Amino acid sequence: MRDFKISNDPKFWQPYDRKHIWHPYTSMLHPMPAFMVAGAEGVYLRLSDGRRLIDGMSSWWTAIHGYNHPRLNAAIEEQLKSMAHVMFGGLTHQPVICLAERLIELTADPLQHVFFCDSGSVSVEVAIKMAIQYWFAQGKTNKQRLLTVRGGYHGDTFGAMSVCDPVNGMHQMFTGVLPQHLFAPKPHRDDGNWDDGWMNEFKSLLESHRDEVAAVIAEPIVQGAGGMNIYSAEYLRRFRKLCDENDVLLIFDEIATGFGRTGKLFACEHADVVPDIMCLGKALTGGYMTLAATLASTRVAEGISADGSGVLMHGPTFMANPLACRVAMESIDLLLESPWQERVEAIEKQIKKELEPCRHLPVVADVRNIGAIGVVETKTPVKMPEIQERFVESGVWIRPFGNLVYIMPPYIIKPDELSKLTGVICRVMKELSAQPG
Ligand SMILES: *Cc1c(COP(=O)(O)O)cnc(C)c1O
């Protein structure tokens, strides 16, 4: 057998990773340190040097039940015995059907049709294609643009990038090759001061471009990676009304917010608004495998086929992977059987109480929270390697970006573990405030 030198000696692993492997949004030449994880269990990550960290990130919104869950493990193992994967062209299987039923039953009635794909970004691509194909099939071939709000994040593929915030969306350098969509102002928080004027620009953009706009796309209630902005549910009602009045479809990207994170099963329930198309991902498999779904209303599904030829032009190789569908189905059952609402509500209360003392520190610009999400926004960007090291030394895994130090822990986190997360954030903010420059 061929001798793989590096693989055989753990002391080479980290240096090899550093030299050869890209991490997200990272330089290959001067990467930030990456900590070596040896295992994960419940709410803890175990580093290879033996340190245990309380996980504040749920591996980017995904691991809502914590890690290494016996039921999710068993579901995958059981599925593995029958098949890991089969192509989805011309074939189907029980895991995908059982998962589709769950998604259709749990979301609002009009959403009756599901497209399964590999990742959140791809589900956004599919949503955009659905919207454009829908109007194309109605003979409205000019309706190819999208309208969104600033501050959004919808993924890293080209179609998804084109609707991310044009400044904060991390993709400015691609502006020249992206389709040019329309951007209304970033939505505001409503502290009982809703102002109709907040919709003016959105409304006039929509009305003046209604013949070109296929759909409005937005993350309901919480804008995630574009800035962790929490905004008024009233926007969602206005989006729906204005879309209906102007013959435009409404897409909600619930990839980050879905499956209870904001306190409702889906964030659009905060406003009782139903989109025409909905994207799900991230927590869909409980953090086990990559899988996403685009749900569409019957109106959209039928509309796409209205010109007779209308087949949806998409079909990833690993579409509806049985292992991923099986674990997603188990994750949903586990969530519904758990007291998730009480858990998220308790996390919300605790985060609010325990992060609030940060608000008046000199380095802090804002503190905000909803559901199992807590955000401390700093006035200037945090110094990443330094703050990362402090968090790890303190026994927590919190991964800030830019001005944002935020947590969205697994729902199973215990009060003392959550206090540790918030306590470390407050302490580090205090230390930074005391530090000159
Ligand atoms: C993470 C995210 C995406 C992209 O999902 P990937 O699985 O990373 O491709 C899209 N939209 C939102 C709101 C997200 O949070």
Side-chain angles (χ1 to χ4, degrees), residues 22-26 57-64 115-131 146 148-166 168-171 174 178 181 186-187 215-231 235-236 239 250-262 264 266-268 270 275 277-295 314 316 318-321 324-325 327-328 331 370-373 375 399 401-402 404 406-408:
W22 259 298
H23 284 257
Y25 293 97
T26 300
M57 307 305 291
S58 300
S59 285
W60 279 337
W61 314 85
T62 65
I64 53 176
F115 189 101
F116 288 102
C117 56
D118 336 57
S119 74
S121 302
V122 177
S123 77
V124 170
E125 301 287 333
V126 170
I128 294 172
K129 275 193 189 175
M130 282 179 177
L146 296 155
T148 185
V149 285
R150 290 178 188 271
Y153 175 81
H154 297 283
D156 291 349
T157 54
F158 276 83
M161 279 200 292
S162 71
V163 283
C164 290
D165 186 282
N168 287 332
M170 309 184 271
H171 305 124
F174 299 106
L178 292 179
H181 295 309
K186 182 169 150 175
V216 162
I217 182 167
E219 297 151 276
I221 305 293
V222 180
Q223 296 181 295
M228 300 300 292
N229 181 38
I230 302 166
Y231 67 89
Y235 278 94
L236 307 187
F239 291 162
L250 180 58
I251 304 170
F252 280 157
D253 176 349
E254 291 252 14
I255 292 167
T257 50
F259 302 103
R261 182 56 66 179
T262 68
K264 302 277 186 190
F266 300 104
C268 58
H270 286 283
I277 300 171
M278 183 188 221
C279 298
L280 297 174
K282 291 209 160 99
L284 174 60
T285 63
Y288 268 62
M289 305 198 50
T290 179
L291 182 72
T294 311
L295 279 78
H314 213 93
F318 281 93
M319 186 166 183
N321 172 260
C325 289
V327 74
S331 173
I370 184 173
I373 306 169
V375 185
R399 176 91 178 157
F401 70 87
L404 300 164
Y406 62 107
I407 49 172
M408 55 258 193

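Positions are given from 1, in the same order as the sequence printed here. Worth saying up front: this structure is predicted, and the values here are computed from it rather than measured. Both ligands and their constituent atoms are indexed starting at 1 by order of listing.
- Proximity to Glu219 (heavy-atom distance under 4.0 Å) selects the following atoms of ligand 1: 13 (C).
- Distance CE/Met289 to CG/Leu284: 11.5 Å, rounded to 0.5 Å.
- Among all heavy-atom pairs drawn from Asp253 and Tyr153, the shortest one is OD2-O, 3.9 Å.
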Exercise. Report the C-alpha separation of Cys117 and Glu125 in whole Å, then their side-chain angles, then the decisive distance to 0.1 Å, and conclude whether the side chain to side chain contact (heavy atoms under 4.5 Å, CB included) test is met.
Key: CA-CA 10 Å; Cys117 56; Glu125 301 287 333; over 6 Å; no
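- Neither the backbone nor the side chain of Trp60 comes within 4.0 Å of ligand 1, counting heavy atoms alone.
- For atom 12 (C) of ligand 1, the closest non-hydrogen atom on the protein side is Asp253 OD2, 3.4 Å.
- Annotation: atom 14 (C) of ligand 1 to nearest protein heavy atom, Lys282 NZ, 2.9 Å.
- Near Gly155, the atoms of ligand 1 lying under 4.0 angstrom from a non-hydrogen atom of the residue are 4 (C), 10 (C).
- In this structure, Thr148 and Val163 approach most closely via the heavy-atom pair CG2-O, 3.7 Å.
- Looking only at heavy atoms of the protein, atom 8 (O) of ligand 1 is closest to Ser121 OG, 4.3 Å.
- Note that CE of Met57 is 9.5 Å distant from CD1 of Ile407, once rounded to the nearest 0.5 Å.
- Summarising the geometry of Tyr406 relative to Arg399, their closest heavy-atom pair is CE2-O, 3.6 Å, with the distance given to 0.1 Å.
- For atom 5 (O) of ligand 1, the closest heavy atom belonging to the protein is Gly120 CA, 3.2 Å.
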